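This report concerns only the one structure given below.
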Amino acid sequence: MSKLVAFAAIQGAYEIVTRVEGIYEKALEKYGPEQKLAFPNTAYYLPIIYSLLGIPVTDMATAGKALKVARKLLPAHVQNFNHLPYLGPLLDAGMAALFAEEVLEAIRYFEQPDFYTLGEECDPASGKIWLGAADDTILRKRGVEFVDGSAPGFAAIVGAAPNAEIAKEIAEEYQRRSLYVFMAGNRMGTTFTEQLIEVGVQVGWNTRLVPFSPDISGAVFALGFANRAAMAFGGVKPGDYKKNLLYNKDRVFAFVNAFGEVNAEWAANAAGCVNWGFPTIADTDIPEILPTGVCTYEHVVGNIPHSEMVQKSVEVRGLKTIVTKVDIPLSYGAAFEGERVRKDDLFVEFGGKKQATELVEMAEMDEIEDNKIVVIGKEMDDVKKGDKLDLGIYVQVAGRKFQPDFEPILERQIHHLINYAQGVMHIGQRDISWIRLGQPAVEKGFKVRHIGQILHDMFHKEFGSILDKVQVTLYTDPKDVKAFTEKARAMYKARDSRVENMTDENEEIFYSCTLCQSFAPSHVCVVSPERTGLCGAYNWMDCKASFEINPTGPNQPIEKGECLDPKLGMWKGCNDFVAKASRGKISQYNFYSIVYEPMTTCGCCECIAALLPGCNGVMTVHRDYTGETPCGMKFTTLAGVMGGGQSSPGFVGHSKYNIIQRKYIAGDGGIKRMVWMPKSLKEELREGLLRRGEEVGVPDLIDKICDETIAIDEASVYEYLQKVGHPAVEMDPIVG
């Protein structure tokens with residue numbers, strides 16, 4: 001290892017720690033030791049410090065403890081003679097720099113409260129570019145993508161490219177590979193983020209191009225996100241630094257791209273990233289660290305041409321990415337899914353105030369022709385800017401292994417698959433779809449028929465094991481769309497009734513889902529007709545289709561076997577599978593109980609229910625709600641306690657839809673035990689809650705369920721329950 005790189009990194013760490021100590025002392029004198037310190041809306045305090053040291057930094061006093069650790073970590077300066085080229089001191093120096101920078105950013109949050117924008121989206125027009133630390137709602141939402149593999153990793157970019165066009169090419173290549181890009185730092189006052197904005201690239205969490213900060217200290221937000229993923233999804237305990245760093249090396253595929261001259265402070269940050277197994281790839285001729293020690297391959301690689309930067313980065317990190325190819329004139333990938341086509345960029349839209357309907361239907365092999373795409377009505381050549389049109393998307397699928405039950409599975413994919421095209425926005429499903437085409441997409445040659453081409457190509461790619469032919473008909477004439485919509489609605493109704501009438505008792509096969517084990521090794525979902533997957537993405541039909549498509553995948557059939565407890569929902573076959581799949585960590589659990597041996601939970605859950613003993617009932621909260629709850633914990637705190645595949649009596653993760661399924665906590669009294677949930681969740685499930693209330697003999701149950709507009713503490717919730725006559729008040733004790 002070069003003496004020069006060691007000198008630079010260690011010198012940079014000294015500079016960072018010393019500078020932050022000075023800023024800290026001034027702030028301490030001005031605000032006092034009780035001044036609160038925090039990254040907004042997170043249960044993980046300052047996550048690098050919390051995860052690695054176990055110190056929950058809550059105020060200036062506790063921040064001082066972290067800075068003392070940083071100072072102690074600083075190694076001796078590199079000597080001219082007898083220099084030992086060991087990696088250890090370099091790693092310590094990098095970690096010291098990161099601890100100090102995290103304190104620096106926390107101080108910035110209260111000294112410059114308007115510097116960072118809260119939420120997922122930027123507003124370049126108003127100058128609100130920098131997003132700072134991701135809150136826990138974003139972590140849960142985006143972290144799932146790292147769990148299910150739709151986001152294979154992230155590139156942390158520091159500095160700026162030589163020009164905006166190069167920045168755009170690199171960013172879009174990462175998007176095509178479905179990677180996130182986290183941006184911090186500047187090159188002589190210019191940032192990679194501002195370069196992207198200059199050439200019209202949308203930035204924000206929704207496009208996976210995330211502008212954390214214009215300063216190098218913003219790199220702590222990227223590393224903090226990785227450490228929070230380990231705690232939230234992997235069950236790694238705060239303070240277990242070894243397990244956290246190894247978890248990130250093995251499971252979070254990330255790397256740093258440094259654009260511009262690497263000064264001492266950048267070198268310190270690069271050294272810090274090596275602790276995580278995250279290498280640095282630079283475009284300048286910097287001293288390299290090539291032998292393997294912590295990272296999978298090289299640690300620091302320099303002088304990489306911009307045209308090779310993306311490919312070299314994924315190679316050095318040992319990351320496998322796939323660029324999806326579809327026969328359309330646009331870039332295509334999951335990272336474009338969150339892109340918005342706004343009014344100023346809009347060329348034409350389908351649906352919205354017009355009708356847009358989608359339907360996938362099984363056909364016989366001799367009825368359709370593969371890759372036949374027909375447009376009936378106007379094509380883009382007949383459309384002018386600003387037009388609003390009706391649209392019908394009719395996909396006919398044939399295959400020897402295809403079944404009618406698979407139709408809605410493929411139909412649900414239409415939303416994502418169309419959205420993956422750059423410059424195309426899709427909202428809604430079924431008969432409430434809405435598609436917008438941006439002017440740049442149309443100028444590149446995108447037409448209505450390309451919607452059909454996307455579906456043909458991607459259905460074959462994703463579902464090729466169960467289908468042989470895909471034919472797509474696209475209607476744009478209003479009278480054709482009207483007739484097609486009537487047919488589609490009749491099919492929707494028939495499907496819904498078929499699924500709604502399925503019961504756990506009448507099916508002998510349930511399905512596993514171990515998708516999240518990549519992040520939560522002991523978590524095992526078992527999906528039954530009346531117990532959807534806790535992430536909300538998989539129901540019994542989905543798992544059945546998934547197994548047919550990928551027989552060795554995460555959704556395996558389970559013979560439920562002997563029923564050990566019909567009330568609580570326990571079967572011998574399920575227990576045997578869970579014990580094996582969790583590697584002995586979990587021996588058994590109940591499907592229908594929150595009180596007695598509930599299902600395991602991981603950080604991907606849509607909702608978490610908690611027992612409220614004083615109310616003789618339960619509450620639930622979904623991850624989009626960031627406020628207080630009657631159990632005394634926000635969703636983020638609950639997820640931190642529950643995550644990692646634990647079975648915790650009194651708490652259980654579940655999907656939103658599961659709340660209105662007949663078996664929801666049936667072993668504890670069912671839906672009549674629901675005493676509190678956020679108002680937004682009540683409104684989202686209103687139709688289902690009304691139906692379930694009728695079924696259990698309490699037609700006004702939805703109005704008797706308390707929400708945050710009424711009370712957020714358990715005693716006040718109970719007062720409300722008594723006032724409105726909630727059934728839980730008169731039921732037998734939930735814990736007996």
Side-chain angles (χ1 to χ4, degrees), residues 403-409 411-412 491-513 524-548 555-578 588-600 605-607 609 618 620 652-674 685 687-699 701 727 731:
Q403 305 171 25
D405 288 345
F406 299 161
E407 293 170 348
I409 311 302
E411 200 170 276
R412 278 202 293 274
M491 289 194 66
Y492 302 153
K493 186 175 181 180
R495 287 178 190 165
D496 291 345
S497 63
R498 186 167 72 243
V499 174
E500 182 68 23
N501 291 330
M502 291 181 67
T503 66
D504 289 355
E505 290 81 4
N506 292 337
E507 295 296 332
E508 294 305 315
I509 300 295
F510 292 170
Y511 287 91
S512 70
C513 186
V524 186
C525 249
V526 179
V527 180
S528 71
E530 296 184 274
R531 221 296 187 173
T532 56
L534 57 79
C535 66
Y538 286 83
N539 62 28
W540 186 88
M541 288 285 193
D542 297 327
C543 292
K544 181 183 178 185
S546 174
F547 173 69
E548 292 283 346
N555 304 120
Q556 294 294 309
I558 302 170
E559 291 189 19
K560 67 181 183 182
E562 178 188 356
C563 183
L564 303 178
D565 193 320
K567 179 183 177 184
L568 298 178
M570 181 183 286
W571 292 268
K572 185 179 185 304
C574 296
N575 286 345
D576 292 344
F577 182 91
V578 168
Q588 61 184 36
Y589 58 48
N590 292 303
F591 281 50
Y592 311 145
S593 181
I594 186 176
V595 178
Y596 306 103
E597 296 183 292
M599 265 196 184
T600 57
C605 56
E606 280 192 309
C607 304
V618 303
T620 193
V652 72
H654 58 85
S655 69
K656 294 177 181 178
Y657 181 70
N658 185 223
I659 297 170
I660 53 176
Q661 290 185 288
R662 294 186 184 90
K663 291 295 199 303
Y664 180 70
I665 60 168
D668 307 318
I671 192 66
K672 289 194 288 186
R673 292 287 191 186
M674 183 60 67
L685 299 176
E687 185 178 336
L689 288 170
L690 288 170
R691 184 181 69 252
R692 292 290 293 120
E694 290 279 357
E695 291 173 355
V696 300
V698 190
L701 178 64
M731 294 172 74

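A quick note: this is a predicted structure, and the numbers were derived from the prediction, not measured.
The two atoms that bring Asn555 and Ser546 nearest to each other are OD1-OG, 2.6 Å, heavy atoms only. Between Tyr589 and Pro598, the closest heavy-atom pair is CB-O, 3.4 Å. Contact record, Ile594 with Asp668: N-OD2, 2.6 Å, taken as the closest heavy-atom pair. Contact record, Pro529 with Phe510: CD-CE2, 3.8 Å, taken as the closest heavy-atom pair. Between Val527 and Asn539, the shortest heavy-atom contact is CG1-C, 3.6 Å. Here the closest heavy-atom approach between residue Asn590 and residue Tyr596 is recorded as ND2-O, 2.7 Å.
Side-chain atoms of Glu559 and Glu508, non-hydrogen and from C-beta on, never get closer than 4.5 Å to each other. When side chains are defined from C-beta on, Glu562 does not count as touching Trp571, because their heavy atoms never get closer than 4.5 Å. No side-chain heavy atom of Leu534 sits less than 4.5 Å from a side-chain heavy atom of Val652. Proximity of Val578 to Gln588: side-chain heavy atoms (C-beta onward) are nowhere separated by under 4.5 Å. No side-chain heavy atom of Lys663 sits under 4.5 Å from any side-chain heavy atom of Phe591.
Remark: Glu695 CD to Ile660 CD1 distance equals 10.0 Å, nearest 0.5 Å. Between atom NZ of residue Lys656 and atom SG of residue Cys607 there is a gap of 6.5 Å, rounded to the nearest 0.5 Å. The CD1 atom of Ile665 sits 12.0 Å away from the NZ atom of Lys672 when rounded to the nearest 0.5 Å. For the atom pair Gln661 CD and Thr503 OG1, the distance stands at 12.0 Å (nearest 0.5 Å). Here the CE-SG distance, from Met599 to Cys525, works out to 6.0 Å after rounding to the nearest 0.5 Å. To the nearest 0.5 Å, atom CG of residue Asn575 and atom CD of residue Glu597 are 8.0 Å apart.
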| task | May I have the step-by-step check of side-chain contact (heavy atoms from CB on, under 4.5 Å) for Ile509 and Ile558, ending in yes or no? | result | CA-CA 5 Å; Ile509 300 295; Ile558 302 170; 5.9 Å; no

| task | Evaluate the criterion side-chain contact (heavy atoms from CB on, under 4.5 Å) for residue pair Glu407 and Met491; output intermediate values, then yes/no. | result | CA-CA 10 Å; Glu407 293 170 348; Met491 289 194 66; 3.7 Å; yes

| query | Could you go step by step and tell me if Leu689 and Leu701 meet the side-chain contact (heavy atoms from CB on, under 4.5 Å) rule? | reply | CA-CA 8 Å; Leu689 288 170; Leu701 178 64; 5.7 Å; no

| Hey, mind stepping through Met502 and Met541 against side-chain contact (heavy atoms from CB on, under 4.5 Å) and telling me if it holds? | CA-CA 10 Å; Met502 291 181 67; Met541 288 285 193; 3.7 Å; yes

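Using modelled atom types, no side-chain atom of Lys560 and backbone atom of Met570 make a donor-acceptor pair closer than 3.5 Å. In this structure, the side chain of Ser593 does not engage the main chain of Leu568 through any donor-acceptor pair within 3.5 Å.
Ring pair Tyr511/Trp540 is perpendicular by interplanar angle, where above 60° counts as perpendicular and below 30° as parallel.
When the side chain to side chain contact (heavy atoms under 4.5 Å, CB included) test is applied to Pro699, the partners found at least two apart in sequence or on another chain are Glu694. For Asp576, the side chain to side chain contact (heavy atoms under 4.5 Å, CB included) partners are Lys572, not counting sequence neighbours. Among residues two or more places apart in sequence or in another chain, the side chain to side chain contact (heavy atoms under 4.5 Å, CB included) test is passed with Ser655 by Thr532, Glu606, Tyr657, Asn658.
With hydrogens and angles left out, the side-chain atoms of Asp504 and Tyr592 include a donor and acceptor closer than 3.5 Å.
Salt bridge annotation for Asp405-Lys544: present, with a cationic side-chain nitrogen under 4.0 angstrom from a carboxylate oxygen.
The environment of Glu505 atom CD is dense: over 12 non-hydrogen atoms of other residues, nucleotides or ligands sit within 6.0 angstrom.
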